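As structure tokens, the structure follows; a few thoughts come after it.
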There are 2 protein chains.
Amino acid sequence: MSIVNHELYKVFYWAAKTGSLSQAAKALYLTQPSVSHAIKQLEESLGITLFYRNSKGVALTQEGAVLYSYIEKSHILISIAEKKMTELKNLDSGELKIGGSESLFKHYLLPFLEEFHQQYPGIGLSLIHGTTPEIISYLKEGRVDLGVVRMPITDPQLEVREGIQLQDCFVAGAHYADLKNKVITLEMLLEYPIILFSRNSRARMGITELFHGYGYELKPEIEVGSVGLLIECAQKGLGISYVTREFVSKELEDGSLFEIQLDVQLPPSQVGIMIMRNMPLSRAANQFIERIK
Amino acid sequence: MSIVNHELYKVFYWAAKTGSLSQAAKALYLTQPSVSHAIKQLEESLGITLFYRNSKGVALTQEGAVLYSYIEKSHILISIAEKKMTELKNLDSGELKIGGSESLFKHYLLPFLEEFHQQYPGIGLSLIHGTTPEIISYLKEGRVDLGVVRMPITDPQLEVREGIQLQDCFVAGAHYADLKNKVITLEMLLEYPIILFSRNSRARMGITELFHGYGYELKPEIEVGSVGLLIECAQKGLGISYVTREFVSKELEDGSLFEIQLDVQLPPSQVGIMIMRNMPLSRAANQFIERIK
DNA sequence: GATTGACTATAGACACGGTCTATATCTCCT
DNA sequence: AGGAGATATAGACCGTGTCTATAGTCAATC
């Protein structure tokens with residue numbers, strides 16, 4: 001192990017670079033005797049004379065020049081590191097990795113991401129798609145800084161903040177126009193082909209459970225893999241899709257889809273922003289979460 | 001300029017490398033609280049959290065990992081530098097550059113060089129030929145560590161130690177066998193073709209001056225560029241060579257040359273070992289000079 | 001659900017040493 | 001000879017790096 005105080009190398013670097021102990025002292029905001037003392041200490045620690053001194057300043061000895069060739073590189077690395085740290089601190093560089101579903105990115109996070117990117121263009125953005133359990137494991141592995149998923153999340157290692165509240169609903173296209181402006185029951189709804197999200201999404205589990213609670217079994221006619229397809233299938237008249245209302249606001253507005261009015265209240269769902277408990281956030285992630293609030 | 005005490009990076013390096021403040025403390029021969037304090041200090045200086053802590057130890061944050069990528073390289077460089085310094089100190093590596101004439105290397109320094117190289121095989125040897133003024137300028141430029149030339153040397157920037165004493169003399173080969181065992185005068189000598197070293201060597205200047213002191217002018221019939229040729233020419237009977245007796249001991253012994261006995265005493269010449277005054281010697285050079293004494 | 005062990009954080013005290021001022025010394029230059 | 005500018009040395013002081021002691025936290029184990 002090194003016996004030498006690394007701080008002495010910093011002094012050595014400046015003394016060698018400037019060829020003057022006085023100059024080095026200036027650069028280091030020290031006095032000349034301090035630098036003189038530091039160099040002597042370094043020389044004694046190494047057992048080698050590093051400089052020869054004359055009335056004009058100092059010059060490296062052969063051995064000192066060898067040392068300098070290493071210390072210079074080392075010092076430059078540290079300088080770069082410190083510059084990089086300042087950038088990271090000022091959010092001039094860095095990376096923000098977010099886990100979530102495509103639809104949440106598209107319909108919920110996008111405006112925040114846009115604003116964030118505009119303010120901190122140096123920060124790279126990584127959006128990683130996955131199911132809720134996948135995202136949780138990404139979080140634990142450190143592959144994402146934060147996750148955006150549907151509540152509730154119960155993992156004790158995670159800290160969850162509530163985000164926006166969403167409302168799921170059933171929508172249909174022109175083919176089922178006769179259902180428009182009618183209030184229908186769950187039982188009636190089951191007569192129609194239902195289109196659900198294929199994966200074990202929280203939304204699907206919720207609605208299945210709701211039907212179960214009323215004694216019915218919800219079996220989809222069609223299962224699709226994305227919110228985009230849910231919308232498209234409903235528009236084409238293939239059935240009635242269960243979607244998040246906020247994600248089809250455009251289609252509801254232009255009339256290509258309409259919402260089925262039910263006699264029961266469908267449960268709202270909360271978006272949660274997950275981070276690891278007891279793990280400091282990156283500055284970028286921290287700043288981003290502040291924005292969302 | 002860096003605000004951070006570089007010693008803190010050493011602590012950071014070990015903490016990051018071992019993933020534990022306690023382990024780092026052990027490696028640094030410190031206590032755990034000291035390391036904890038140092039890391040906190042570093043984090044505050046940079047304004048960035050570098051580790052997250054848990055009951056198992058510490059782990060780098062994103063930003064900490066960035067810092068580590070630089071500090072690790074920097075630290076490795078310093079380690080190599082310190083290893084190299086130890087080598088230089090122990091004379092396991094380094095270089096010894098000596099300036100001198102070919103003949104002095106061959107007939108005077110060779111045995112010392114041999115012994116030195118045997119004891120310190122890690123030290124590279126550089127023998128640089130040149131005239132006395134050339135060697136002096138090499139010394140001043142730092143291109144050689146020490147010079148070995150004929151005395152006297154009067155340069156005030158140089159420090160000269162006396163080496164071996166040499167005796168110049170005139171020698172001839174079989175062709176001038178009639179001069180053998182005769183004592184002859186300078187005037188008589190001038191009747192014969194004289195062979196001198198061509199360059200402005202100290203030896204030639206000395207003998208020319210000696211003749212001048214007696215009222216004669218010494219003009220060589222032949223001028224040659226090396227001691228080897230001086231010997232060869234004399235052996236071939238081309239004339240009488242002025243050489244250093246110690247450099248022709250082999251030829252004097254095997255009878256291919258004999259020394260001309262003069263009625264005046266030729267001045268001896270001293271070998272001097274020159275080093276720069278007020279400039280520390282490299283450890284290798286220092287050690288070598290100790291050997292010569 | 002106590003208990004134990006391994007780890008880090010905090011508090012407070014002490015002493016070492018890093019830094020300063022003042023001064024000496026040296027060399028070069030005018 | 002004197003001045004400018006460089007390094008070396010001496011000695012004093014203050015800061016801070018380091019220690020001991022203790023608390024707090026988490027995880028595993030019985």
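Quick note on labels: first sequence line is chain A, next is B, and so on, each numbered from 1. What you see is a predicted model; the values in this text were computed from it and never measured.
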> With respect to the phosphate group of dC19(D), does any side-chain polar atom (N or O) of Ser34(B) fall under 4.0 Å of OP1 or OP2?
Replying inline: yes
> Quick one: do Arg53(B) and Glu43(B) make a salt bridge, cutoff under 4.0 Å?
Replying inline: yes
> Looking at Arg53(A), does any N or O in its side chain come under 4.0 Å of the phosphate oxygens OP1/OP2 on dA6(D)?
Replying inline: no
> OP1, OP2 of dT19(C) versus side-chain N and O of Thr31(A): anything below 4.0 Å?
Replying inline: no
>> Between Phe288(A) and Tyr120(A), is the ring centroid distance below 6.0 Å?
In response: no
>> Whether Gln41(B) contacts dG17(D) is assessed here as follows: a side-chain N or O lying under 4.0 Å from the phosphate OP1 or OP2. Is that the case?
In response: yes
> Between His37(B) (NE2) and dA13(C) (P), how many Å, whole number?
Replying inline: 15 Å
>> Taking atom types as they are modelled, would you say the side chain of Gln32(A) forms a donor-acceptor pair with the base of dA6(D) within the 3.5 Å cutoff?
In response: no
> Can you tell me if the side-chain N/O atoms of Ser20(B) get under 4.0 Å from OP1 or OP2 in dC7(C)?
Replying inline: no
> Would you say a side-chain N or O of Ser55(B) is under 4.0 Å from OP1 or OP2 of dA6(C)?
Replying inline: no
> Taking the nucleotide of DNA chain C with the closest heavy atom to each, which residue, Glu7(A) or Lys56(A), is nearer the 5' end?
Replying inline: Glu7(A)
> Quick one: Leu30(B) CG to dT8(C) P, roughly how many Å, whole number?
Replying inline: 14 Å
> So, is Ser22(B) close to the dA6(C) phosphate, meaning a side-chain N or O under 4.0 Å from OP1 or OP2?
Replying inline: no
> Relative to the ring of Trp14(A), is the ring of His75(A) parallel (under 30°), tilted (30 to 60°) or perpendicular (over 60°)?
Replying inline: perpendicular
>> Expressed as a whole number of angstroms, how long is the span from Tyr52(B):OH to dA9(C):P?
In response: 14 Å
>> Check for me whether Arg143(B) meets the cation-pi criterion with Tyr138(B), that is, NZ or CZ under 6.0 Å from the six-membered ring centre and within 45 degrees of the ring axis.
In response: yes
> What nucleotide, of dA21(D), dT19(C), dT7(D), holds the atom closest to the side chain of Leu21(A)?
Replying inline: dT7(D)
> To the nearest angstrom, how far is Ile39(A) atom CD1 from dT9(D) atom C1'?
Replying inline: 16 Å
>> Please evaluate residues Phe105(A) and Ile98(A) with respect to the criterion side-chain contact (heavy atoms from CB on, under 4.5 Å), reporting the C-alpha separation (whole Å), side-chain torsions for both, the decisive distance (0.1 Å), and the verdict.
In response: CA-CA 9 Å; Phe105(A) 282 137; Ile98(A) 306 176; 3.7 Å; yes
>> With a 4.0 Å cutoff (strictly under), does any side-chain N or O of Lys40(A) reach OP1 or OP2 of dT7(D)?
In response: no
>> So Val35(B), base contact, sugar-phosphate only, or nothing? Heavy-atom distance under 4.0 Å.
In response: nothing
